[in-house]
Amino acid sequence: MKLCFSTLGCPKWSFEEVIDFAVKHGYQGLEIRGVDGEMFPDKIARFQLGRQQETKKLIADAGLKMHVFGTSVKFHEADKREENIEQGKKAIDVCAAMGIPYIRIFGDQIGDADEKTIIDQVISGSKELCEYAKGTGVEVLLEVHGQFNVLERVLAVCEGVAMDNFGLVWDVAHSDKTYGDDYKVFYDGIKPYIRHIHIKDHKHVDGGFDLCRLGEGDIPILPIVRMLIDDGYDGWFSLEWEKLWHPELAEPEAAFVDYLELMKKA
């Protein structure tokens, strides 16, 4: 089982601290969602020309891999399409140079808009990024997130894009909001497209969802993980501890160890 954590969970750590913790505790990889306080890949100092080889050597010497770069690209707002395409292309360029095989993008919302219109926008934006990424070794992954957590919507995008360098990040918390313990219904539909897994936990509270320590919530994490392993999934399981967005959550030193202990039970 390949385990990594997103740097979203340790926003106050330096890159050296991130690497040191990962190595000390037996993690094999990192998901990049911010480095040294910077979220955009083309602005991260360690990923700039002149420092790329140094950073790649630092990662390699630690025995780690950078597996995904989590962008903020989302395609539900038509008037922001071009700036999101530009952001996605910059992420692809950086990831190609740094040996990071995936970028993560979003749908993300439907709201009161026409559903087909929004899905078509997501398909169009995703396809443009996939076309740009051809030959770079970088693939584009749509995250199960927001209102793109319903099987019919997610499949409509996957089937509409229909490119070899496109796939999914399955965030088990976002699908749980719709499917709960019936997660297999969702999984059976998206299975061919899954490239990466996001793990987190939450409690169902008064019709809402409160993030919590792993194993203390209502998401059937271990059954999902065991199902994936039994089905031959050999990708990464990434802890997405949303500390940057939710500072009230436990500190990363505790949360990242919780994750390792929980996953040992799978």
Side-chain angles (χ1 to χ4, degrees), residues 1-13 18 21-22 25-34 67-68 70 104 106-108 141-151 154 168-191 194-231 233 235-266:
M1 187 189 304
K2 295 184 288 190
L3 300 179
C4 62
F5 60 81
S6 169
T7 56
L8 185 70
C10 48
K12 295 180 180 179
W13 290 2
V18 171
F21 186 94
H25 292 276
Y27 278 94
Q28 299 109 312
L30 302 172
E31 178 173 343
I32 305 300
R33 182 67 165 127
H67 188 59
V68 176
R104 184 279 313 276
F106 297 116
D108 178 46
L141 305 185
L142 178 77
E143 181 169 338
V144 173
H145 187 278
Q147 291 180 304
F148 280 78
N149 67 342
V150 178
L151 181 58
V154 175
L168 295 176
V169 177
W170 181 17
D171 184 307
V172 301
H174 281 275
S175 59
D176 182 80
K177 292 177 180 180
T178 299
Y179 294 92
D181 289 342
D182 292 329
Y183 57 85
K184 197 171 187 303
V185 173
F186 185 71
Y187 167 73
D188 285 343
I190 68 167
K191 177 181 173 181
I194 297 172
R195 303 289 183 272
H196 188 63
I197 304 293
H198 274 174
I199 301 291
K200 58 171 73 79
D201 206 354
H202 60 216
K203 296 178 180 179
H204 301 174
V205 181
D206 297 327
F209 306 92
D210 291 346
L211 291 170
C212 64
R213 292 282 287 263
L214 291 174
E216 295 181 359
D218 298 315
I219 300 175
I221 294 172
L222 290 178
I224 289 173
V225 170
R226 290 169 185 147
M227 176 185 68
L228 283 158
I229 292 171
D230 288 345
D231 260 3
Y233 175 74
W236 292 77
F237 293 93
S238 180
L239 172 63
E240 190 184 44
W241 192 246
E242 297 185 348
K243 182 69 173 175
L244 180 61
W245 313 135
H246 298 276
E248 74 279 4
L249 290 174
E251 295 302 315
E253 293 89 345
F256 292 176
V257 171
D258 283 350
Y259 182 56
L260 294 173
E261 293 302 313
L262 179 67
M263 296 299 274
K264 286 178 183 177
K265 300 174 185 177

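Remember, it's a predicted structure, so these values are computed and weren't measured experimentally.
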To the nearest 0.5 Å, what is the distance between [atom1] on [X] and [atom2] on [Y]?
X    : Y    : atom1 : atom2 : result
Y183 : D188 : OH    : CG    : 10.5 Å
S238 : K200 : OG    : NZ    : 9.5 Å
F237 : W170 : CZ    : CH2   : 9.5 Å
E216 : D210 : CD    : CG    : 12.5 Å
L211 : H246 : CG    : NE2   : 5.0 Å
K265 : R226 : NZ    : CZ    : 9.5 Å

Do M1 and V225 have side-chain heavy atoms sitting under 4.5 Å apart?
->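 With C-beta onward as the side chain, the pair touches.
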
F21 side chain near C10 side chain, heavy-atom distance below 4.5 Å |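 A side-chain contact under 4.5 Å is absent here.
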
Main-chain N/O of [Y] paired to [X] side chain as donor or acceptor, under 3.5 Å:
X    : Y    : answer
T7   : R33  : yes
K243 : L249 : yes
D171 : H174 : yes
Q28  : L3   : yes
D201 : G215 : yes
D176 : I219 : no
Y187 : L228 : no
D258 : L214 : no

Determine the interplanar angle of the F209 and H204 rings, folded into 0 to 90°, and report it as parallel if under 30°, tilted if 30 to 60°, perpendicular if over 60°.
->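 The arrangement is perpendicular - the two ring planes meet at more than 60°.
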
What heavy-atom pair brings [X] and [Y] nearest, and what distance separates the two atoms?
X    : Y    : value
W236 : C4   : CE3-CB, 3.7 Å
L30  : A22  : CD2-CB, 4.1 Å
L244 : P247 : O-CD, 4.3 Å
Y233 : R195 : OH-O, 3.6 Å
P252 : G9   : CB-O, 3.3 Å
F186 : N149 : CE1-O, 3.8 Å

Out of H67, R104, H196, which residue meets the side chain to side chain donor-acceptor pair (under 3.5 Å) rule with E31?
->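 Only one option passes, and that is H196.
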
Centroid separation Y259 to F5 less than 6.0 Å |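 Between Y259 and F5, the centre distance exceeds or equals 6.0 Å.
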
Residue pair E251, W241: steps toward the side-chain contact (heavy atoms from CB on, under 4.5 Å) verdict | CA-CA 9 Å; E251 295 302 315; W241 192 246; over 6 Å; no

Quick one: list whatever passes salt bridge (charged side-chain N to carboxylate O under 4.0 Å, His left out) with K177, sequence neighbours left out.
->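 So K177 forms no salt bridge (charged side-chain N to carboxylate O under 4.0 Å, His left out) with any residue.
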
